[in-house]
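Encoded as structure tokens, the structure appears first; notes follow it.
Throughout, a chain's letter reflects where its sequence line sits, starting with A, and its residues are numbered from 1. All of these numbers come straight from a predicted model, not from anything done at the bench.
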Number of protein chains: 2
Amino acid sequence: MPEKNHKHITCQNCVSREKSLFDTFCTTDVGRLNKIKSCSYFKKNQPLFIEGSLPRGVYCLNQGKVKIFARGEEGKEQIIHLASSGEIVGFRVMFSGETYKVSATTLEESNICFISKNDFLDLVDTNPTLRKGIMQELSRELAERATFITNLAQKSVRERLASALVLLDDIYENEMVNLTREDLANFIGTATETLIRLLKDFKEENLVKTHARQIEILDRERLLYIAGA
Amino acid sequence: MPEKNHKHITCQNCVSREKSLFDTFCTTDVGRLNKIKSCSYFKKNQPLFIEGSLPRGVYCLNQGKVKIFARGEEGKEQIIHLASSGEIVGFRVMFSGETYKVSATTLEESNICFISKNDFLDLVDTNPTLRKGIMQELSRELAERATFITNLAQKSVRERLASALVLLDDIYENEMVNLTREDLANFIGTATETLIRLLKDFKEENLVKTHARQIEILDRERLLYIAGA
DNA sequence: ACCTAAACATGATTTTTATCAACTTATATG
DNA sequence: CATATAAGTTGATAAAAATCATGTTTAGGT
């Protein structure tokens with residue numbers, strides 16, 4: 001958990017960097033990165049950026065979780081991706097002159113570093129390894145979204161919920177899954193009421209246990225099985 | 001329409017190249033491209049590559065259309081993208097050492113050029129403009145898939161069908177839309193029977209007209225309106 | 001031009017999921 | 001610590017879409 005308000009992070013000993021696209025940086029580049037980045041404390045439900053606005057740079061998650069979402073015609077959120085520490089958010093749009101096509105908002109209090117567009121593009125231009133990493137990451141996410149689309153089109157809500165809970169179990173590592181029912185519904189693509197009913201079924205089947213908002217995963221194996229079916 | 005069997009294409013005067021990622025190539029690079037590429041004739045329903053196999057290079061569509069699809073647990077196809085002339089297919093996976101996560105199959109007889117992985121990566125390494133174009137393209141597709149996900153999750157099948165028909169009207173340019181009902185159903189993410197019934201509704205509302213398999217778009221404006229609602 | 005398999009179409013029915021309304025429980029803030 | 005407000009829950013009902021069965025048409029191969 002992040003400290004009260006602003007906490008300064010040094011790239012040199014940032015554990016989140018080690019699982020990020022900056023993991024292969026040499027000492028010089030890490031030093032450079034440390035100079036150009038700025039750290040900020042974000043409180044819960046604070047937006048990083050909003051669909052339609054112009055990007056100023058990228059966000060590197062040190063601590064915390066961020067939801068990336070689009071809005072449908074009636075303004076309903078569709079969560080496309082959940083980012084956690086080590087992820088760099090908002091770099092896709094750095095390569096075109098376009099506005100954000102999605103929005104990003106923190107799900108909990110977070111420490112997030114910011115790198116301006118110019119500085120980031122300089123890094124990419126001068127570092128072929130980073131460039132390669134970015135291309136790989138873009139490709140990986142494209143494949144991930146193909147699976148997302150297929151699941152949404154072909155799986156039942158029950159199957160998608162099981163699948164999402166396993167994914168969330170990974171994202172929340174040692175903690176319990178802590179999303180509002182609405183966010184969870186907007187992630188699996190269903191109505192909040194439907195989600196709640198299915199979650200109740202899962203509770204009765206001893207697959208999960210709820211502690212108010214928090215969801216404890218009890219039987220990951222069986223959830224995986226349900227997701228697969 | 002492509003000629004019977006093999007047709008040799010010269011990159012220098014290829015009109016498809018002009019709307020491709022290779023559009024900004026200088027004379028030297030076009031000559032280079034022309035030397036490294038090989039042309040093939042593909043008949044209808046011929047696979048370019050299959051999910052799980054190892055990529056050997058990229059495919060540049062001169063003439064014809066290709067469906068990119070994933071398969072769900074029960075083997076059902078989910079069409080993720082429809083590619084037409086000028087598109088370069090299969091380059092996402094060039095940057096990782098991974099296998100294809102999707103499959104690609106022609107929808108009609110096509111003329112398609114092939115560039116080997118090494119040759120393609122050389123091009124990318126030595127041409128910063130191409131590199132930038134690829135990154136932009138990857139980002140654009142990522143945004144496109146976010147919209148795809150949102151539509152799938154929030155719109156009714158009727159809305160998605162209207163939306164898909166408008167998109168297909170663009171892809172098929174002057175021709176009529178020519179996809180099997182099953183492919184169309186697998187694109188909008190519904191059962192074939194449901195699609196047929198909705199198409200019937202659209203016919204009765206004078207939005208489209210069918211000529212056996214072919215679909216003629218009569219009222220694009222109204223379809224767009226239905227898609228939006 | 002024929003013929004056969006695949007594609008298309010329609011009806012009946014069931015299942016899944018959304019919607020609406022009402023009520024209860026948390027949670028954040030003064 | 002009270003309390004207002006947002007989040008969560010439940011039930012009844014409607015709507016949307018899938019499934020199954022069966023018949024018809026179309027298109028590709030010889």
Within residues 69-84 of chain B, residues whose heavy atoms come under 4.0 Å of DNA chain C: none
Terminal helix-axis angle for the helix from C/dA1-D/dT30 to C/dG30-D/dC1, with five pairs defining each axis and rounding to 10 degrees: 60°
Pairing residues for B/D119 by the salt bridge (charged side-chain N to carboxylate O under 4.0 Å, His left out) criterion, not counting sequence neighbours: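 Applying salt bridge (charged side-chain N to carboxylate O under 4.0 Å, His left out) to B/D119 gives none.
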Straight-line distance of B/F69 CZ to B/K76 NZ, nearest 0.5 Å: 13.0 Å
Range on DNA chain C touched by chain A - first to last nucleotide, heavy-atom distance under 4.0 Å: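 So the outermost contacting nucleotides come out as C/dT17 to C/dT27.
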Nucleotide-resolved protein contact map, nucleotides 5-22 of chain D, B/S/- at heavy-atom distance under 4.0 Å: --SSBBBB----SBBB--
Sugar-phosphate, base or nothing in reach of B/K43, heavy atoms under 4.0 Å: nothing
Under-4.0 Å salt bridge between [X] and [Y]:
X      : Y      : value
A/E77  : A/R71  : yes
A/E182 : A/R213 : no
A/E144 : B/K101 : no

Partners meeting side chain to side chain donor-acceptor pair (under 3.5 Å) with A/K203 (sequence neighbours left out):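 Side chain to side chain donor-acceptor pair (under 3.5 Å) list for A/K203, sorted by chain: A/T210.
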Name of the residue among A/L33, A/N34, A/N62 meeting side chain to side chain contact (heavy atoms under 4.5 Å, CB included) with A/R17: A/L33
Close side-chain approach of A/D169 to A/R220, heavy-atom, < 4.5 Å: yes
B/K19 atom NZ, over 12 foreign heavy atoms within 6.0 Å: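 Enclosed.
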Exercise: identify the closest heavy-atom pair between B/C113 and B/K37: SG-CD, 3.5 Å
Donor-acceptor pair, side chain of A/Q78 and main chain of A/N186, under 3.5 angstrom: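 The answer is yes, because a donor-acceptor pair under 3.5 Å joins these two groups.
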Distance-only donor-acceptor check, side chains A/E141 and A/H81, under 3.5 Å: no
